[in-house]
Amino acid sequence: MTFPVRGWLARLLLVGPLACVLAFAGAAEAQGFRAVFSRDGTDVWAVGDAGAVWRSFDGGSNWTATPAQGPGVLYGVAARGLNAILVGDNGRVYRSTNSGGAWAMQVLPGAPDLRGIEWPADNAAFAIGGNGAIYFSSDGGQSWAPQTSGTSAKLYGVRFRDASNGWAVGAGGVALRTSNGGALWTTLTTPTTRDLLAVDFVGSDVWVVGAFATAYKSANAGGAWTPVNLKMDSQGDVRAVTMESPNKITLTGGGGFLRTTLDGGATWTFALHPLLGAGSDYFAYDTQKAWLVSSATRAVARTTNGGTSWAFGVGTGTTWDWQNALPGPYVITRGNTFATTPQNRNAVWVVIAQYIYKSVDRGATWAFVDSIPNCIKTNSFYVSPKDSTVWVAAVGTPDRIVRTTNSGATWSPGFPRDFSEYGMPLEMNPDKPDTLLFAPEDGKLWRSKDFGVTWDSLSTPL
């Protein structure tokens with residue numbers, strides 16, 4: 001049986017008052033949201049690309065697009081009473097004293113790109129951004145004074161629980177803490193050089209998250225850190241963290257995951273939500289109401305029952321569209337032959353029949369690499385997580401396991417065993433990636449502990 005190759009890039013169209021498009025593999029034209037906030041669980045703000053400002057007065061059921069505050073991207077929003085503050089690119093701060101009816105704009109000294117805002121008390125607002133910038137306002141955003149952060153690293157995330165206690169994180173694993181409203185910021189040593197994008201804390205319990213699936217937690221205010229293995233093969237960025245308690249934490253990011261733990265990260269549950277795009281921010285007002293936004297599209301998902309179910313607002317729905325990302329011939333296709341590697345999260349391989357293709361931009365474009373010799377089909381294909389030049393494949397005919405250590409320039413003669421026509425006879429252990437399991441038609445289960453160099457039988461048929 002043969003099937004046409006039609007590519008793998010899917011798009012989700014969100015159809016509503018404002019049309020918007022989300023591309024799973026990324027779309028430069030997408031205009032999305034970067035931050036979401038609610039002061040009371042009913043009045044909700046969402047801001048983002050091209051100065052977009054959306055507002056809901058009924059908890060996210062209905063939305064109104066207000067005049068954009070641009071140019072540039074808005075990365076933060078906060079509100080208290082009738083006052084609201086937006087922050088964004090080039091040091092721009094927008095302030096409204098009549099609930100968004102009118103805005104006054106000012107540029108903070110040095111014009112740093114601002115990436116976050118916290119407004120924990122009427123007389124205390126904090127904005128953070130490029131070059132280690134931290135600014136403080138004691139008058140509801142009317143005036144701002146710089147604080148000494150002690151770093152020149154770009155700051156991406158900030159969190160205050162009250163006017164005195166706060167954290168900020170940024171590029172290169174930078175983490176800062178204050179207990180006196182920013183009069184003094186203390187630099188904490190973290191075990192990573194990855195960019196940290198968000199932070200939250202409850203008392204002395206702290207979580208920091210960031211690029212390449214980075215997540216660390218501390219039970220003593222940053223004195224010691226424990227890595228949290230999120231088991232993300234795609235190495236997606238974690239862009240938001242919310243702590244309801246030391247044990248209940250919610251994360252979002254990557255391609256749109258929204259996960260919650262009730263035991264401090266030992267186990268996770270994943271929310272089923274309609275916003276299938278890279279999660280950029282998550283805001284929980286209480287244990288029942290929360291909102292989720294994506295940088296890929298202008299739509300807001302909401303829950304009113306603690307995350308049991310998620311939905312868009314009135315007038316927003318979803319339809320599917322497929323783009324032909326990799327035109328190909330009518331050939332035999334079997335199993336699942338996509339492969340990724342932690343060395344480069346943007347790299348994707350796929351084998352169609354005997355033809356190997358590679359993308360370095362997450363599937364947007366593809367290039368032919370090589371052909372596997374003496375085969376007409378491939379059922380399974382893996383790239384070594386330790387060395388991206390080492391590949392193993394289950395191919396036919398004749399059916400066998402073949403291996404290359406030089407990106408397909410030469411291949412081993414193979415481990416010959418007939419296997420089923422369809423499905424995946426070969427699997428890799430995700431916890432021990434050197435271990436491969438092979439289930440051919442001889443009734444035995446075979447194992448390799450050296451990524452396909454040698455094989456031993458784990459079972460013998462009666």
Side-chain angles (χ1 to χ4, degrees), residues 1-8 10 231 233-234 325-342 347-359 363 366 368-462:
M1 185 178 297
T2 60
F3 298 93
V5 178
R6 288 290 182 258
W8 73 295
K231 299 183 178 181
D233 291 342
S234 64
L326 176 57
Y330 284 77
V331 294
I332 296 176
T333 57
R334 297 287 186 269
N336 179 8
T337 56
F338 284 102
T340 59
T341 174
V348 186
W349 290 260
V350 67
V351 186
I352 304 171
Q354 68 268 43
Y355 307 112
I356 304 172
Y357 299 87
K358 182 180 179 181
S359 171
W366 295 85
F368 174 74
V369 176
D370 207 340
S371 294
I372 302 175
N374 303 317
C375 85
I376 61 171
K377 67 168 185 173
T378 303
N379 288 57
S380 300
F381 178 74
Y382 294 99
V383 174
S384 170
K386 295 183 177 180
D387 184 347
S388 61
T389 67
V390 180
W391 309 338
V392 172
V395 302
T397 53
D399 292 350
R400 64 199 187 279
I401 304 297
V402 295
R403 186 175 188 269
T404 177
T405 59
N406 50 20
S407 298
T410 59
W411 291 84
S412 67
F415 178 62
R417 290 292 186 280
D418 288 339
F419 53 80
S420 60
E421 178 68 15
Y422 299 98
M424 296 179 62
L426 182 68
E427 290 279 1
M428 180 177 69
N429 186 333
D431 295 321
K432 297 179 180 179
D434 278 337
T435 299
L436 301 174
L437 297 175
F438 179 39
E441 290 187 336
D442 63 4
K444 297 181 180 180
L445 178 63
W446 295 87
R447 177 181 63 184
S448 173
K449 293 184 178 181
D450 47 21
F451 205 69
V453 178
T454 60
W455 295 87
D456 62 271
S457 176
L458 293 180
S459 66
T460 301
L462 297 177

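- Tyr357 has its ring centre no less than 6.0 Å from the ring centre of Trp366.
- Proximity of a side-chain donor or acceptor of Thr340 to a complementary backbone N or O of Ser234 within less than 3.5 Å is not detected.
- Taking each heavy atom of Ser407 and Ser388 in turn, the nearest pair found is OG-O, 4.4 Å.
- The backbone N or O of Leu426 sits less than 3.5 Å from a side-chain atom of Tyr382, completing a donor-acceptor pair.
- With rounding to the nearest 0.5 angstrom, the OG1 atom of Thr378 is 10.0 Å from the CD1 atom of Ile352.
- Using a 30° and 60° split on the angle between ring planes, Trp411 and Trp391 fall in the tilted class, from 30° to 60°.
- Contact record, Gly335 with Met424: CA-CG, 3.9 Å, taken as the closest heavy-atom pair.
- Annotation: the span from Cys375 atom SG to Tyr355 atom OH amounts to 9.5 Å, rounded to 0.5 Å.
- Residue pairs meeting the side chain to side chain donor-acceptor pair (under 3.5 Å) criterion with at least one member in residues 428-442, sequence neighbours excluded, are Lys386-Asp434, Arg417-Asp442, Asp442-Trp446.
- Under a 3.5 Å cut-off, the side chain of Ser448 and the backbone N or O of Thr454 do form a donor-acceptor pair.
- Proximity of a side-chain donor or acceptor of Ser457 to a complementary backbone N or O of Ser459 within less than 3.5 Å is detected.
- Between the side chain of Arg400 and the backbone N or O of Pro398, at least one donor-acceptor pair lies under 3.5 Å.
- Ser384 contributes atom OG, which lies 11.0 Å from atom CG of Asp450 (distance to the nearest 0.5 angstrom).
- The two atoms that bring Lys358 and Ala347 nearest to each other are CE-CB, 4.1 Å, heavy atoms only.
- Residue Thr397 holds its OG1 atom at 8.0 Å from CD1 of Ile332, rounded to the nearest 0.5 Å.
- Residues satisfying the side chain to side chain contact (heavy atoms under 4.5 Å, CB included) criterion with Leu458, sequence neighbours excluded, are Leu437, Leu445, Arg447, Asp456.
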